[in-house]
Number of protein chains: 4
Amino acid sequence: MNSNKLSKGELTKQRLLQSAAKEFAERGYHEAKISTIVSNVNLTQPSFYLYFKNKEAIFQELISHFRNQLIPFVERTYEIAKLPHDEVPQRIQVGLSHLFQFFASDPNLTKVAFYQSEQGEEFRLVMIEMMASIFKHYQEVGLIRSSLFIEVAAEGFIAMLDRFTYRIILTNERDIDTLAKQMSDTFFYGILAER
Amino acid sequence: MNSNKLSKGELTKQRLLQSAAKEFAERGYHEAKISTIVSNVNLTQPSFYLYFKNKEAIFQELISHFRNQLIPFVERTYEIAKLPHDEVPQRIQVGLSHLFQFFASDPNLTKVAFYQSEQGEEFRLVMIEMMASIFKHYQEVGLIRSSLFIEVAAEGFIAMLDRFTYRIILTNERDIDTLAKQMSDTFFYGILAER
Amino acid sequence: MNSNKLSKGELTKQRLLQSAAKEFAERGYHEAKISTIVSNVNLTQPSFYLYFKNKEAIFQELISHFRNQLIPFVERTYEIAKLPHDEVPQRIQVGLSHLFQFFASDPNLTKVAFYQSEQGEEFRLVMIEMMASIFKHYQEVGLIRSSLFIEVAAEGFIAMLDRFTYRIILTNERDIDTLAKQMSDTFFYGILAER
Amino acid sequence: MNSNKLSKGELTKQRLLQSAAKEFAERGYHEAKISTIVSNVNLTQPSFYLYFKNKEAIFQELISHFRNQLIPFVERTYEIAKLPHDEVPQRIQVGLSHLFQFFASDPNLTKVAFYQSEQGEEFRLVMIEMMASIFKHYQEVGLIRSSLFIEVAAEGFIAMLDRFTYRIILTNERDIDTLAKQMSDTFFYGILAER
DNA sequence: AATGAATGAGAATTCATTCAT
DNA sequence: AATGAATGAATTCTCATTCAT
């Protein structure tokens, strides 16, 4: 599908990126060894430098690839706020599910981007920003209670998303949709009974 | 007994532990340098080995110290479930505030234990366990709604706690009690309006 | 015969030689990179080995080319001694000027041959030899004072030639003829006043 | 004499400097290997970094040491111009002899400073400057002919000095004083006979 | 209780060179 | 006549750790 006639070199580069994602995910930036990255794709070390200037460069290329996918994803998610207001929970839940799926689609990359890179926090902030903006919109139109502390809620939401992403990536213990549903439920309705 | 009259050696050891916590917190285990740890307390490298077998040992001693404080703390928090049932939110909120305070009391150590060590996840699981047990209890007595997914809620709660702990440690942007209140509010009542 | 219609391959070889002269001149043998030599003529590294066995080979080809030009030049300069004896200073000065001109005609090559190669000293010795022989001849016929230490004078003359060649190559600060004249003047008449 | 109670470390550092001077002199900066420098004094590579930040640092320390000796030497030589004017040739010759001796006293260092470092030219310029100033002075008082091109003469003088220094360093073929005398003679009186 | 001096093991990176096409 | 892809062999430098004092 996305492998339409890659030249040998391009293929090697992709293989290196994948191998690097795995190595970085497993050991973190500094403990990741170029020797491991290359030997996993049956290359020698000098070959690495045919494709990347140095260790930092391949790392940044991974992060940058992640950003290039994440940002549009987030942009699209903003749209939620522009849709008709019925079934808001339903919509957010679907959006959440999509995010989980996106992160789960390349676990190594996600792990590197969120947990091994200095940009991880930047990515979180982008998402918090997005949630805050969505929450604010719905608060204005009365779907979200006016007493909610938007910033705390947005950050808390992303904290949960983050945690369950981590779970999904590390252990496949639940199916994603169910998890999205349960997390949304908790978040929307809170935990208390009567009131 | 382990009184305040520390011998010179014991004092040096304490200073090393503190310096190490700082260094590990700032750079992570692998990037932390023994040379930095010792020079921050005006010692030479060989002196380090008078007190600790190796780098791993001082790290584990830090983690172990953290565990020794955290576990009793958590045990005590369990007690919440055994108290009279009025004012549950209030109680949980106070517990949360205490946790924040505990973590904030030694930010370097907390950072290392939660974010730089492999045991970080273990500590989180202990806390999730605790929350789940508390939630379960309150669900049984009807204070928490029966439709709540306990495990997800507990894990979500700790995810938020985790996130805001991180915020508190890194930036002192809010006072802890307010944050505890706002996070509790979000979590207890959810975000939606009507209900 | 080795006419101006160069085949493509011969042309490429010449281009490589020129590029190499530049690179060797700028960085010296060991710091010169084949990658730079080839990329300056828009070739890839393997192409280099189509024309030269290795780095050493292209270097020696440059030196050898220089020698092939220098030796006849020196031979011809010997002729000075065989000419009528009037206007000796004038003749030597003209010879000097020619040498300067020769060296300046391919600065990169000259720089490499004299200052970057082990054969540089050999070239200097050849020239010292030549000057000594010329001086000796003129000493015998009484044009050069009998108290002159021929070897030292010859070596000193070449030392100056060498230095000013270096100047000419690196900075075009003076016109060559003037320099030749001033150097000759210094050398012929010494520096003292009276006499 | 200059080895009054060096601590072991200081001694090792001196040994490394000497070994480095030798290695740099023989192979030039880039081809010099730290492995050779250390193994010549029976140390392992990491020990090198106990004493010098890197290869560049030890090199600069050598050059800087050379400069610290050369500059005062040159300053003192300036004094020649301030002395009574009889026996000028004699004085310059003695100064020359001293310079030769100075350079010969640490051949490796001299070779490195003059021929392997980028500062070599700077050192030459300082000396040319000095000679020009001396020549100018004597020209003004009539000891040096007014038709002399001071700059060319000064540069030529240093060129000879340079050359014979090189000879002295590489081969001990003549005794220094004789060489100084012969070079001075050539330079002062020129080469021509009658006039 | 502490240090001066030294090292073993390993990591990234560079570069001339080759192979297959 | 030329290139895409790859590598062997070095080399600098870092760091935890040890030894002798």
Side-chain angles (χ1 to χ4, degrees), chain A residues 7-13 16 30-38 41-58, chain B residues 7-13 29-38 41-58, chain C residues 7-13 16 29-38 41-58, chain D residues 7-13 30-38 41-58:
Chain A
S7 69
K8 193 172 180 213
E10 282 160 345
L11 188 65
T12 300
K13 184 171 181 179
L16 280 170
H30 289 291
E31 280 309 282
K33 293 175 208 153
I34 298 203
S35 61
T36 305
I37 295 174
V38 293
V41 294
N42 287 318
L43 282 179
T44 56
Q45 294 214 34
S47 296
F48 176 89
Y49 295 90
L50 237 47
Y51 299 99
F52 304 96
K53 192 177 182 307
N54 50 32
K55 192 179 172 182
E56 172 73 13
I58 196 173
Chain B
S7 71
K8 191 166 182 216
E10 280 160 348
L11 186 65
T12 300
K13 183 169 182 181
Y29 180 76
H30 291 292
E31 283 307 281
K33 295 181 211 161
I34 304 257
S35 61
T36 304
I37 294 173
V38 293
V41 294
N42 290 316
L43 280 180
T44 56
Q45 299 207 33
S47 298
F48 177 90
Y49 294 91
L50 247 39
Y51 299 98
F52 303 97
K53 188 175 182 308
N54 52 30
K55 192 181 178 181
E56 173 73 13
I58 196 173
Chain C
S7 71
K8 192 170 182 215
E10 282 160 346
L11 186 65
T12 300
K13 183 170 181 180
L16 280 170
Y29 180 76
H30 291 291
E31 283 307 280
K33 294 182 211 161
I34 304 257
S35 61
T36 304
I37 294 173
V38 295
V41 294
N42 289 317
L43 280 180
T44 56
Q45 299 207 32
S47 298
F48 176 90
Y49 294 89
L50 247 39
Y51 297 99
F52 304 97
K53 187 174 183 308
N54 52 29
K55 192 183 179 180
E56 173 72 12
I58 195 174
Chain D
S7 70
K8 192 171 180 214
E10 281 159 346
L11 188 66
T12 300
K13 184 170 182 181
H30 289 292
E31 279 310 281
K33 294 174 208 153
I34 298 202
S35 62
T36 305
I37 294 173
V38 293
V41 294
N42 288 317
L43 282 179
T44 57
Q45 293 215 32
S47 296
F48 176 89
Y49 296 90
L50 235 47
Y51 298 99
F52 304 98
K53 192 177 181 309
N54 52 29
K55 192 180 171 181
E56 173 73 13
I58 195 173

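Lettering of chains follows the sequences in order, A, B, ..., and the numbering in each one begins at 1. Treat the numbers as computed from the prediction; the structure is a model and nothing was measured.
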Applying side-chain contact (heavy atoms from CB on, under 4.5 Å), can you list everything that pairs with A/Y51, at least two apart in sequence or on another chain?
A/T12, A/K13, A/L16
Got a second to check how far D/L43's CG is from D/I37's CD1, nearest 0.5 Å?
11.5 Å
Below 4.0 Å: OP1/OP2 of F/dT7 and any side-chain N or O of A/S47
yes
Among E/dA5, F/dA2, F/dA5, which nucleotide has an atom closest to any side-chain atom of C/K8?
F/dA2
Applying ring-ring contact (aromatic ring centres under 6.0 Å, His included) to B/F52 and not counting sequence neighbours gives B/F48
Looking only at heavy atoms, which two atoms of A/K53 and A/A57 are closest? And how far apart?
N-CB, 3.9 Å
For A/F52, which contact category applies under a 4.0 Å heavy-atom criterion: base, sugar-phosphate, or nothing?
nothing
Answer yes or no: does a side-chain N or O of C/Y51 lie under 4.0 Å from OP1 or OP2 of F/dA1?
no
Round to a whole Å and report the spacing from CG of D/N42 to P of E/dA5.
17 Å
Name all residues meeting the side-chain contact (heavy atoms from CB on, under 4.5 Å) criterion together with D/K33; count only those two or more places apart in sequence or in a different chain, and write none if there are none.
D/E23, D/R27, D/S35, D/T36
Runs of at least three consecutive pairs that involve DNA chain F, where pairs are Watson-Crick or G-U with distances under 3.5 Å:
E:2-21 with F:2-21
Letter per nucleotide, 5' to 3', of nucleotides 14-21 of chain E [B base touched, S only sugar-phosphate touched, - untouched; heavy atoms, 4.0 Å]
BBSBBB--
Return the minimal non-hydrogen interatomic distance between C/H30 and C/K55, and the atom names on each side.
O-NZ, 3.3 Å
On DNA chain E, check which nucleotide each of D/T44 and B/T12 is closest to and give me the residue with the more 5' one.
B/T12
Straight-line distance of D/S47 OG to D/N42 CG, nearest 0.5 Å:
11.0 Å
Euclidean distance, atom CG of residue D/L50 to atom C1' of F/dA16 [Å, nearest integer]:
14 Å
Across all chains, not counting sequence neighbours, the side-chain contact (heavy atoms from CB on, under 4.5 Å) partners of D/L50 are none
